[in-house]
There are 2 protein chains.
Amino acid sequence: MNAPVTSQSRCGDCPIRHRAVCARCNADELDELDGIKYYRTYEAGQPIIWSGDVMTFVGSVVSGIASLTQTMEDGRTQMVGLLLPSDFVGRPGREGAAYDVAATTDVVMCCFRKKPFEELMERTPHIAHRLLEMTLDELDAAREWMLVLGRKTAREKIASLLAIIARRDATLTPGGATNRMVFDLPLTREAMADYLGLTLETVSRQISALRKDGIIELEGKRHVTVPDMRLLMEEAGDDSDGGFLG
Amino acid sequence: MNAPVTSQSRCGDCPIRHRAVCARCNADELDELDGIKYYRTYEAGQPIIWSGDVMTFVGSVVSGIASLTQTMEDGRTQMVGLLLPSDFVGRPGREGAAYDVAATTDVVMCCFRKKPFEELMERTPHIAHRLLEMTLDELDAAREWMLVLGRKTAREKIASLLAIIARRDATLTPGGATNRMVFDLPLTREAMADYLGLTLETVSRQISALRKDGIIELEGKRHVTVPDMRLLMEEAGDDSDGGFLG
DNA sequence: GGCAAGCCTTGACCCAGATCAACCGGGATC
DNA sequence: GATCCCGGTTGATCTGGGTCAAGGCTTGCC
């Protein structure tokens with residue numbers, strides 16, 4: 001899989017992403033970035049960064065999905081974040097990486113050499129500002145996930161995960177006044193389990209249960225149809241509509 | 001309890017906190033802050049901000065401990081963060097509050113009216129920078145907590161919490177070459193349960209178990225002595241020393 | 001002193017989800 | 001086509017922590 005400049009990368013919303021991804025936009029500081037940015041591709045399953053490594057770059061995901069994972073010495077792992085296209089990787093001002101980053105699907109990253117990027121950030125408050133905003137978003141997402149991990153049942157966890165993936169990946173079925181949504185799961189059952197603090201068997205069982213109850217439809221193991229997002233949100237135990245409805 | 005300017009507020013480390021707390025330091029932008037900052041005190045248990053409220057201020061904790069909590073409609077709650085002295089509250093650039101904030105102990109806050117603070121931030125990259133750094137720290141802490149919530153046993157959760165509180169509150173027993181630490185729990189059993197994704201009964205039982213096993217000593221319900229922090233860290237399932245040792 | 005309210009502890013029991021194990025099905029390789 | 005492998009499903013059983021319930025210890029109020 002190669003680096004497609006798709007509408008999925010949402011060019012034009014984030015200045016960093018914008019410049020990184022989209023060759024057709026000559027944004028203000030674009031020139032300054034020449035020579036410090038480069039692209040890298042990773043195959044599904046490949047590690048991108050190991051926790052503790054010295055970071056030499058920061059960057060953003062262009063396409064594919066990467067995961068942030070923490071591991072205990074005894075092997076227990078917890079995924080602590082999903083990186084979707086446009087998400088930023090790396091901590092300006094930090095030496096080492098805090099978590100393992102791995103490609104969950106094939107991934108294209110747009111990287112900036114860290115030093116020059118930090119200098120650029122010094123000179124360009126706009127970037128620092130945008131980065132703060134993105135970090136606050138990530139913090140919100142992390143904290144929302146703490147509620148999922150700490151208090152939700154297995155079924156609610158699955159529903160919450162499906163809702164998140166739907167929110168970021170799915171398309172409304174054209175022509176429908178309904179809340180039908182269709183998307184592909186970008187994660188294995190095991191990866192879902194890591195994200196949800198469950199075992200893969202429980203994930204499998206709960207997905208089967210949701211299918212049996214008509215909340216979702218499955219074609220193969222990955223292709224999901226949600227006939228009515230409102231039912232799914234209800235299962236997620238989440239009164240908020242997740243941004244789907246008005 | 002009134003607003004003491006104690007060494008606990010760690011004046012001098014963070015520019016924002018520095019200016020907010022310490023009348024004896026005339027830091028560079030101190031003058032500019034006059035007229036936009038004020039202090040507020042809250043009694044233990046009192047709400048500070050409700051989720052969804054329009055935020056009119058940002059600020060930092062001067063003394064006491066506040067908690068960030070998320071609640072589901074059916075009443076299940078999960079604490080998603082602890083705010084200790086020097087921690088920042090509020091999201092520059094955001095309208096509404098994302099979580100409930102409440103005083104866990106008596107709390108003194110140093111507040112800045114939001115609008116002028118944001119303008120100040122525009123003019124002062126240093127502050128934006130510092131804020132980004134603090135937010136990245138919070139993000140790390142939140143993600144570390146996701147591992148605790150998702151993968152640790154009740155006993156490990158308790159040990160992890162005690163370790164965190166010790167790290168930020170405790171004093172090494174003077175004259176000891178050992179790793180003995182002494183501190184007071186600033187949280188009720190219920191608050192601990194909310195933080196750890198447990199019930200208060202389980203918290204109580206596990207604390208009793210740790211006491212029985214000699215990992216901790218208790219005087220009353222709140223005063224804790226840890227004879228050897230290394231044993232506690234081991235119980236936490238955490239190979240890192242949490243910053244205690246060399 | 002007596003009483004009530006909070007906070008905490010402990011016991012008995014139960015259940016959601018983990019664990020262990022068997023099996024399925026599709027794709028790659030020979 | 002036979003075989004293997006990998007991801008997924010399903011069943012049987014076990015158990016950590018939840019739930020329900022009964023006190024205990026402090027503190028404050030009458």
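Convention: sequence-line order gives letters A, B, ...; per-chain numbering from 1.
- Sorted by first and then second residue, the side chain to side chain donor-acceptor pair (under 3.5 Å) pairs involving residues 44-59 of chain A (not counting sequence neighbours) form an empty list.
- Looking at residues two or more places apart in sequence or on another chain, you find no salt bridge (Lys or Arg N to Asp or Glu O under 4.0 Å) involving Glu201(B).
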Which letters describe nucleotides 5-18 of chain C, given B = protein heavy atom under 4.0 Å from base, S = only from sugar-phosphate, - = neither? ---SBBBB----SS

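- The salt bridge (Lys or Arg N to Asp or Glu O under 4.0 Å) check on Asp184(B) picks up nothing, with sequence neighbours excluded.
- Annotation: salt bridge (Lys or Arg N to Asp or Glu O under 4.0 Å) contacts of Asp100(B) (sequence neighbours excluded): none.
- Each salt bridge (charged side-chain N to carboxylate O under 4.0 Å, His left out) pair with one or both residues in residues 148-158 of chain B, not counting sequence neighbours, appears once here: Arg76(A)-Glu156(B), Asp194(A)-Arg151(B), Arg155(B)-Asp213(B), Arg155(B)-Glu235(B).
- For Thr104(B), the side chain to side chain contact (heavy atoms under 4.5 Å, CB included) partners at least two apart in sequence or on another chain are Ile65(B), Ser67(B), Leu187(B).
- Read 5' to 3', the first and last nucleotides of DNA chain D with an atom closer than 4.0 Å to a heavy atom of chain A are dG8(D) to dA12(D).
- Annotation: salt bridge (Lys or Arg N to Asp or Glu O under 4.0 Å) contacts of Glu217(B) (sequence neighbours excluded): Arg180(B).
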